[in-house]
Amino acid sequence: MFGFDIFVLALLVLFVVTVIAAVKIVPQGYNYTVERFGRYTRTLTPGLGLIIPFIDRVGRKLNMMEQVVNVPSQEVITRDNAMVRVDGVAFFQVLDAPRASYEVTDLESAILNLTMTNIRTVMGSMDLDKLLSERDEINHRLLTVVDDATHSWGVKVTRIEIKDIEPPRDLVDAMARQMKAERDKRAAILTAEGERQAAILEAEGTKQAQILAAEGRREAAYRDAEAREREAEAEARATAMVSEAIASGNVQAINYFVANNYVDALKALAAAPNQKVMLMPLEASSVIGSVAGVAEIAREAFARDSSEATPSPNSPRPSRGGSVPRV
């Protein structure tokens, strides 16, 4: 009877161990591969899974979430023989658990080495200036190459980022000097361009001012000529009238004309600002005589007007041919 109890107890222990071996709980974000006698048969997804105890076993436990691999710093020689130190990070995600488990050994190490190799390849094909200025292009080329290479492993490389590119100290100093020289050059060019624009604007202003001044002088000369022309016309008409008067026998008109010019000339001499002493010409008596002639002309004119206004019955009637005034 005692031996039977031991047998039942052994069966009970075997049953518990079998149940524990058959039940597998897969956490969220993981996949388990199941192997039967060392060969892959199926994949356990997150949740409760059952396997055949002592025949099947869990092979690989794959993390299906996005993972990151730190790429250590390494030296890269660019196309123009400049040595720089580069490091970065790579992000990947397992999409096919069986292929990631059995197509490559040590998946993370494989991705790391593949990324480092392609960093040297991609960055070694570029010049230093392009290497420093086109980091996005480097990331894109690395992602394309590494993702294609890892496709057969059931892995998707989502991003590759170059964290730091560190040129040697002497190259950094040379780049600083080059940048300073370039900025000095641009400053000198901008200064020269500003001076050139200022000179052009000043010359255009001077040109415009000279054009306006010339137009002003032309307008003034035109108006002066027009004024002289009008004055000459008036003088010509006055001369014609005097000539007609002389031709008609009234010689007092020429005395008036000459006396008027003499008076204007004496007026100009007397009005001179520096004139202290005025010397009269010898013909001054003639001028006075002319003035007397003017007075006589005025008396004759007033007398004629009064006779025409109040005619006297005893006064002789003027002849039809008119009389010539006496000089």
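Treat the numbers as computed from the prediction; the structure is a model and nothing was measured.
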For Y102, all residues meeting ring-ring contact (aromatic ring centres under 6.0 Å, His included), sequence neighbours excluded: Y40

For the student: nearest non-hydrogen atoms of P168 and M83, plus distance: CD-O, 2.7 Å

With sequence neighbours excluded, residues passing salt bridge (Lys or Arg N to Asp or Glu O under 4.0 Å) with R79: D127

Salt bridge flag under 4.0 Å for residues E233 and R230: yes

P98 side chain near N31 side chain, heavy-atom distance below 4.5 Å: no

Donor on one side chain, acceptor on other, S109 and N113, under 3.5 Å: yes

Validation row: P27, Y32 side chains within 4.5 angstrom (heavy atoms): yes

Over 12 foreign heavy atoms within 6.0 Å of CZ, R186: yes

ring-ring contact (aromatic ring centres under 6.0 Å, His included) partners of residues 53-96, not counting sequence neighbours, each pair once: none

Whether over 12 other heavy atoms sit under 6.0 Å from E134 CD: yes

Hydrophobic cluster membership, M65 vs L44, 4.5 Å side-chain cutoff: yes

Separation of D56 CG from R36 CZ (nearest 0.5 Å): 4.0 Å

Heavy-atom check, side chain of Q74 versus side chain of R120, under 4.5 Å: yes

Linked, directly or transitively: V146 and L143 (ILVMFWY side chains, under 4.5 Å): yes

Separation of T150 OG1 from D148 CG (nearest 0.5 Å): 8.0 Å

Single-linkage hydrophobic cluster, 4.5 Å side-chain cutoff, L171 and L132 together: yes

Inter-residue atom distance I55.CD1 - T41.OG1, 0.5 Å rounding: 11.0 Å

Residues which pass salt bridge (Lys or Arg N to Asp or Glu O under 4.0 Å) with R135, listed by chain and number, not counting sequence neighbours: none

Check against side-chain contact (heavy atoms from CB on, under 4.5 Å), V104 and R99: CA-CA 8 Å; V104 61; R99 294 170 66 181; over 6 Å; no

same_hphob_cluster(L12, I6) at 4.5 Å side-chain heavy-atom cutoff: no

CZ/R218: more than 12 non-hydrogen atoms of other groups inside 6.0 Å: no

More than 12 heavy atoms from other groups under 6.0 Å of CG on L95: yes

Atom CD1 of I25: over 12 foreign heavy atoms under 6.0 Å: no

CE-CG distance between M116 and L142, expressed to the nearest 0.5 angstrom: 12.5 Å

Pairwise side-chain contact, K156 with D147, heavy-atom cut-off 4.5 Å (strictly under): yes

Note, K163 side chain near V89 side chain (heavy atom, < 4.5 Å): yes

Residue pairs, two or more places apart or on separate chains, that pass salt bridge (charged side-chain N to carboxylate O under 4.0 Å, His left out) and touch residues 64-75: E66-R159, E75-R85

Gap separating the CG atom of L190 from the CD atom of E195, nearest 0.5 angstrom: 11.5 Å

V86 vs S73, side-chain contact (heavy atoms from CB on, under 4.5 Å): CA-CA, chis, key distance, verdict: CA-CA 5 Å; V86 183; S73 178; over 6 Å; no

NZ or CZ of K61 within 45° of Y30 ring axis and under 6.0 Å: no

Side chain to side chain donor-acceptor pair (under 3.5 Å) against E137, all qualifying residues, sequence neighbours excluded: none

Neighbour count above 12 (heavy atom, 6.0 Å) for E193 CD: yes

Pairs where residues 129-155 contributes a residue and the test ring-ring contact (aromatic ring centres under 6.0 Å, His included) is met, not counting sequence neighbours: none

Note: D173-R177 ion pair, threshold 4.0 Å (strictly below): no

Residue pair I51 / K24, side-chain heavy-atom distance below 4.5 Å: yes

For the student: nearest non-hydrogen atoms of N63 and Q67, plus distance: O-NE2, 3.1 Å

Co-membership, hydrophobic cluster, residues I165 and M175, 4.5 Å side-chain: yes

Derivation and outcome, side-chain contact (heavy atoms from CB on, under 4.5 Å), residues R141 and T144: CA-CA 5 Å; R141 292 175 60 182; T144 302; 5.8 Å; no

Test side chain to side chain donor-acceptor pair (under 3.5 Å) applied to D80 - qualifying residues, sequence neighbours left out: T78

Any P72 side-chain heavy atom under 4.5 Å of D87 side chain: no

Residue list, salt bridge (Lys or Arg N to Asp or Glu O under 4.0 Å) with E166, at least two apart or on another chain: none

Sequence neighbours excluded - ring-ring contact (aromatic ring centres under 6.0 Å, His included) pairs with any residue from residues 208-238: none

Side-chain heavy atoms of M123 within contact of I138, under 4.5 Å: yes

Contacts of type side chain to side chain donor-acceptor pair (under 3.5 Å), residue D184, not counting sequence neighbours: K180

V34 vs R57, side-chain contact (heavy atoms from CB on, under 4.5 Å): CA-CA, chis, key distance, verdict: CA-CA 6 Å; V34 178; R57 70 182 185 90; over 6 Å; no

Q197, CD atom: more than 12 neighbouring heavy atoms under 6.0 Å: yes

Reported CG-to-CG distance for the pair L128 and L131, which is rounded to 0.5 angstrom: 6.5 Å

Taking every non-hydrogen atom, the tightest pair across V71 and A90: CG2-N, 4.5 Å

Test salt bridge (Lys or Arg N to Asp or Glu O under 4.0 Å) applied to R223 - qualifying residues, sequence neighbours left out: E219

Closest non-hydrogen atom pair between P167 and V84, with its separation: CA-CG1, 3.8 Å

Over all atoms of both residues, closest heavy-atom pair of T33 and R60: OG1-N, 2.7 Å

Nearest non-hydrogen partners of N70 and L112, listed with the distance: O-CD1, 3.5 Å

